[in-house]
Every structure is written in structure tokens, then in C-alpha cells.
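Scroll down for the structure; my scribbles are underneath it.
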Protein chains: 2
Amino acid sequence: MGNTTIYDVAGAAGVSLATVSRVLNNPEKVKEETRQRVLKVIKELGYRPNVIARGLASRKTTTVGIVISDVTRASVSEMLGGIGDIAQNYKYSVKLFSIREDMDVNDILQDVVAEQLDGVLYLNDELSEKSVEEVRRIFVDNQIPYVLANVVSDDPSVPMVCIDYEKAGYEITKVMIDDNRKDIYLLSTARRYSVNDKKEAGYTKAMLEAGLEPKIFRTSGDTHVNRQHFATFFKDKKIDAAIGVRDSIAVSFMNIARDNGIKVPENLAVAGFQNTKYALLSRPNLTSIDVPVYDIGAVSMRLLTKLMNSKDVDNIRISLPHYIVKRDSTRNK
Amino acid sequence: MGNTTIYDVAGAAGVSLATVSRVLNNPEKVKEETRQRVLKVIKELGYRPNVIARGLASRKTTTVGIVISDVTRASVSEMLGGIGDIAQNYKYSVKLFSIREDMDVNDILQDVVAEQLDGVLYLNDELSEKSVEEVRRIFVDNQIPYVLANVVSDDPSVPMVCIDYEKAGYEITKVMIDDNRKDIYLLSTARRYSVNDKKEAGYTKAMLEAGLEPKIFRTSGDTHVNRQHFATFFKDKKIDAAIGVRDSIAVSFMNIARDNGIKVPENLAVAGFQNTKYALLSRPNLTSIDVPVYDIGAVSMRLLTKLMNSKDVDNIRISLPHYIVKRDSTRNK
DNA sequence: CTGAAAGCGCTTACAG
DNA sequence: CTGAAAGCGCTTACAG
């Protein structure tokens, strides 16, 4: 009952344990007849190899680590979905490591290393370029294959799967510009990190090209805090368009604008990033950049499996396509 | 670099590997002086025990499995947060197992068993009472401690952490009744499962007590599909209150009602379950039952650690408190 | 308080 | 194609 070992199988099948092991790992090396006999016994006894013992002996755990800073974010769970599906296809298990604010990233990563994982997926869009470098070093030093998922790094030696956030930022700003908006704000986060830096870069580029002044307003990611911040806007600022770096920021901004009697999209166009459920449940529906989060998870996991099997990987930096979903919060011609 | 073994430490400290192991696992059995010396070497060498080898030798993996059917659900990620925090406190690692629709639950659970986990948390609110029984059997047969998180089971031998969904259903219905609503609908899911069965039971009880006719409308969990379903409502049905078994259902219902010119809360009161971000970002803000999802995760994990250490656990069935957050989608006196 | 030795359940060269 | 044996890196009685 759950504790059948390879010895039991060997005994019952009248072979050595080495043969049983081969049937499991290199079936082609075992004579058809023997193999069938062993397989039959395995089934009868309901034998499942102890993955721990296997891990120790083979030095492979068929387990990958997922490092996350904030499990709570909507995008994370979808990414986990993509990762999980592909991991299951390739028979990998998934172990979760969450980084809490009060913890040292290096320390966690050392734990991750001690876990004898075959590879690691690092999901965290709130990483600065400098932190990325530290992370890279730890994995390289320990020779652990890794992939950054939905994190941007300019270092060409860093394997990553992402969308082109700069381009996305540029495009959504162009939508506003083409609609003749002049005072276009980017609502970004107070804390700087690489992904949002890219969005800001794209936004700024589009604004400058159009001869407009870029206006980045930094706010908290917390919807409650935002209410206060945003309230000031409609007293003293000229504004006819706003782009939130997250849907939740965009929606709460839009709600507050409407509370202040501003018409969306007539007087104010609003757009977000990520195309989450929030975008669909808001009124008016929110125009948003669709980020294929599930795919980012799935593709990173697939890239990681390649890296783990050290196949010659042609492209370790994958940029997935995004697109703009236009809805009622912007004026669409 | 990363592959220092216990032998290296023993050699450098001039002791046997048994002593090193004791320093790590039973420090009180080692003389202060020796212990310090070993500890120093461990630090210098950056030694971290190989968890796999430890797992094989001790037959404990300090890893718990989390079985989930749909990672994508908002509640799941928050629950993961609670689980992760407590797991980290107790030094447990967390391994994720997601069940896809096309998979056999038993098969997955057999895998889970083969993983040599110290315990399992089963998070899935879409389990019928019958499925719960199967799940229970597998764990009991294999003597693996387990806890159901946010799943309801009437079997008193099943460890679980949940809120009293029946009571919650009753209370929110009472809110509507006390506001003199007569045609109160419960918007539930097409697929039946224990948690929603409880909500329905509470709703039905309150309605019958008040001499009103219970009206349960079953719909898809998918917001897109709902739109069609819901549209029919405002043509032929009398309705002045609606309770969605999920916030997302409630919000999309509310949106469609407003599109049909119905005033919320004047002509229609709406409430949801779970008090997610949707409830806050909707207009009007949604009245909702606050389910302490993070706590459910944390408490289940704590209960599981008790079970794994087979302390005499006094209460294996924990009901966490919920409360109603009244907002603008209901009329509040 | 410490060490020598067996054992956890596998994999994998090495022979044959 | 198959078996005997060593080894993966630890833990844990058992002696002393």
C-alpha cells in the first residue's frame, strides 16, 4: 500500500532490481518479454518509484522551482496555469518559493539551490536591472538553468520570456495621440522596476515624437491609497487621457474621474495594461494591452526544459506578441 | 560551490559526519565547543544539507503538496499566499499539483502519494460530497495527513478549514428580505458542488422562513456566457434583488441590469460572495460576503503541520468567521 | 558526548 | 540482455 519498493517488484518478477530500473528508465535495453513481465508486476503491485530515492541516485529531481514575489497578483496565477500545464506534459513537478518583502533574495535563492532543483523559473515583474544581475550570478555560479518570466533584462545572456513592453507603451500612447489627446498622463508605480521602466520609455518616446510633454504620475499599487492621490487630479490639472500601467490602476482612476463628473471617453480617455477581468467588469469597459500571461508561463517553462536538457537552444530571449483591445474607455473611430 | 557535502564539513571540523548531522538536527546532543566549531565550518563553507538525501534518510521531505483544480481563480492565489507564509515559518516547502479537467483525480493523487510528501492541502471549492469521500480514502489508505481548505464536507472525520457558507447565504438573504425585497434570486453555478450547495441551502432557508419563493438561477461561471443568460432576465422576470455566488457573477449581472436601465440599488439590490477586488472596482461598489481567504490558507497550513507532527489535535474542523461588507449595491439604512 | 556502520530506495557504470 | 555492486548524501540506532 504505497510502500512497494523496487525490490518487491524485482522479487515478484524474478529479475534483479537493476532490470526493473531499466524497464522504467531505459525500456529499450530490456528484452520485450522480460519487460512485459516486469510491467505486469508493476501494475499488479501498484508500484510507483520513490521520487526522492530516484532524485538522490540520479541527481535529477524532475522538479523546477518557481520564485515569485507576490503570489497575489492576478497575472501570477494565470502564469502558474501556463507553467503547470507544460510542466505536467514534461513530467516535471513544481515547487513554489515566495519572496516576502522582509526577506533577503539571496538567502531565498540559496535555499532554492539547496533544493537540488533541475531548473528555476523566476517570475517577478518588479525586478530592477541591478537585481536581475544578482539573480543571474547565483544561478550561473551554481550551474542551474533558469528563465525569467515576464521580467525584462537588457543583458543578452539572460534567458527570458516577455512581451515588448516598450513597444506596447509606445503603441497605446499613439492611440491617444491619434485621437487628438494632448494632456496624456502615464499613471505608473512609485517603486521603479524594469517592466514599468520599459512602459515609461515607450510612452515618453511617443510623446516626444508628437511634440507633447510626457507626464508621468507615480502612485501606489494599492487601490485605496490611489483614491486620495487621484482626487487632486481633477482640481488643478489639465488632462484628457490617462494610461495606467495596470488595469486596476486605470479602473480606479476612471471611477474617480467619473465621480468628479468627467465623461469617459468624451473628456477623458483611459487605458490599462494586462487586459485582466477588471477591464471587462468596469464601466465603461476598459481599453487595455493584452499580455498573454498564460503563454508567457507556458513558453518559459518550455524554454526551461530545453535549457535543462541542454539542447542547443537557438533563442533564449523570446518576445511574445501583444495587442491592444479597444473598448469603450477610449474613443474608437 | 553549492556541492559541499557533509563529509567536507566533517573533515574540515575534525569530527565525524554523524556529529555534523547532529549539530544540524539535534544540537543539544553535541558539546557546546564542538558545536561552535562545526557551525563555524558550515558557515565558512556555505554548506547547506542536500534536502533530497535528507529526505531519503529521514523519510521526511518537509514538503507539503497543494492540490488545486483551477489556479486561475482569484481566491486560489490569495490562499496560496497564506499557505506560503505559514509554510515558510515552519520551514516546509510547497509543491503544486494542478488538476486539469481531462485528468483523473485518483491518478493525480497517486502521483501525489509517490512524491513522499509529508502532508497535503486540498484546495478546491468545486468538490462534491462524493468526491470528497474518494479523496479522503486515498489519503487515509496511504496514511498521509491532509486538510481540505475552503471545501465543505459533512463527514466529521475529514479535517477542513472553511467558513460557514450556509450561514453566510442565510445572512445575506436576510439583508435583502429586511430591505423588503420580494423577488430575490440566487445566481448560482450550473455545476453543483458542496460549497455552493451550502450557500443555496442558507438562501433557501431564509426565503422559506420569510414566506418567499426561492428562485435559483443557474448560470455559467464564464462572464461572457452570462451576458446572454442574464439578458433574458429583464424582459420577463420580476426581480428586485440578486445574490451572486461569486463577485464576478454579481458584478456582471449588475452591469447588464444597468445597461437595461434598471437602477441599483433602488430597483435592484445586488450582492456577491468573496469580497474580491471586483467588488471594489465595480460601480456601484458591490456588497459582498468577506471570505478570509488568506486566513483559510494560513490556518489550513497550520492545522496540517499539527497533523503531520501528530500532536493531539483537538479540533480538525475549523470554521472561520465571515462578515458582510455593505456597499452601495444594496440599500443600507 | 562522539564515532563506525547500516540503511533509506533508487541509478548506473562495469562485467559477463 | 541481465546481474552484482558501488554510490548518491544524508539520518539514526547502537556502542563506547
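Each chain gets a letter, A, B and so on, in the order the sequences are listed, and its residues count up from 1.
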Looking only at dC1(D), dT11(D), dA4(D), the nucleotide nearest the Arg54(B) side chain is dT11(D)
Please classify the nucleic acid contact of Lys31(A) as base, sugar-phosphate, or nothing, using heavy-atom distances under 4.0 Å. sugar-phosphate
Re dA13(D): Watson-Crick or G-U wobble partner, both distances kept under 3.5 Å, found to be none
Paired with Pro49(B), the side chain to side chain contact (heavy atoms under 4.5 Å, CB included) test is passed by just one of Leu24(B), Asn25(B), Ile42(B), namely Leu24(B)
Out of dT12(C), dG3(D), dT2(C), minimum distance to the side chain of Ser16(A) belongs to dG3(D)
Assert: residue with more 5' nearest nucleotide on DNA chain C, out of Arg22(A) and Thr5(A), is Thr5(A)
One thing to verify: whether Glu134(B) and Arg137(B) come together as a salt bridge, which I'm taking to mean a side-chain N less than 4.0 angstrom from a carboxylate O. no
To the nearest angstrom, the CG-P distance between Leu17(B) and dG3(C) comes to 10 Å
Of dC8(C), dT2(D), dT11(C), the nucleotide closest to the side chain of Val30(A) is dT2(D)
Notebook entry, point to check: Are there more than 12 heavy atoms of other residues, nucleotides or ligands under 6.0 Å from atom CD of Gln143(B)?
Noted result: no
| Got a donor-acceptor pair under 3.5 Å from the side chain of Arg59(A) to the base of dG9(D)? | no
Q. Checking all strands, does Thr19(B) fall into the base, sugar-phosphate, or nothing category for heavy-atom contacts under 4.0 angstrom?
A. sugar-phosphate
Checking dC8(D), dT11(C), dA4(C) against the side chain of Leu56(A) (C-beta onward), the nearest is dC8(D)
Per atom distances to the Ala18(A) side chain, the nearest of dG9(D), dG3(C), dT12(C) is dT12(C)
Using Watson-Crick geometry (N1-N3 plus N6-O4 or O6-N4) or G-U wobble (N1-O2, O6-N3), each under 3.5 Å, dA4(D) is paired with none
Just to be sure I understand the rule, does Ser21(A) reach a base, reach only the sugar-phosphate, or reach nothing, if contact means heavy atoms closer than 4.0 Å? base
Should the pair Tyr146(A) and Phe139(A) be assigned to parallel (<30°), tilted (30 to 60°) or perpendicular (>60°) ring geometry?
parallel
Closest to the 5' end of DNA chain D, once Asn26(B) and Ile52(B) are matched to their nearest nucleotides, is Ile52(B)
Applying a 4.0 Å non-hydrogen cut-off, can you work out what Val15(B) is touching in the nucleic acid: base, sugar-phosphate, or nothing? sugar-phosphate
Nearest-nucleotide check on DNA chain C, Glu32(B) vs Ala53(B); residue mapping nearer the 5' end is Glu32(B)
Could Arg136(B) and Glu133(B) be called an ion pair, given the rule that one side-chain N must be under 4.0 Å from one carboxylate O?
yes
Atom NZ of Lys60(B) and atom C1' of dG9(D) are separated, to the nearest Å, by 20 Å
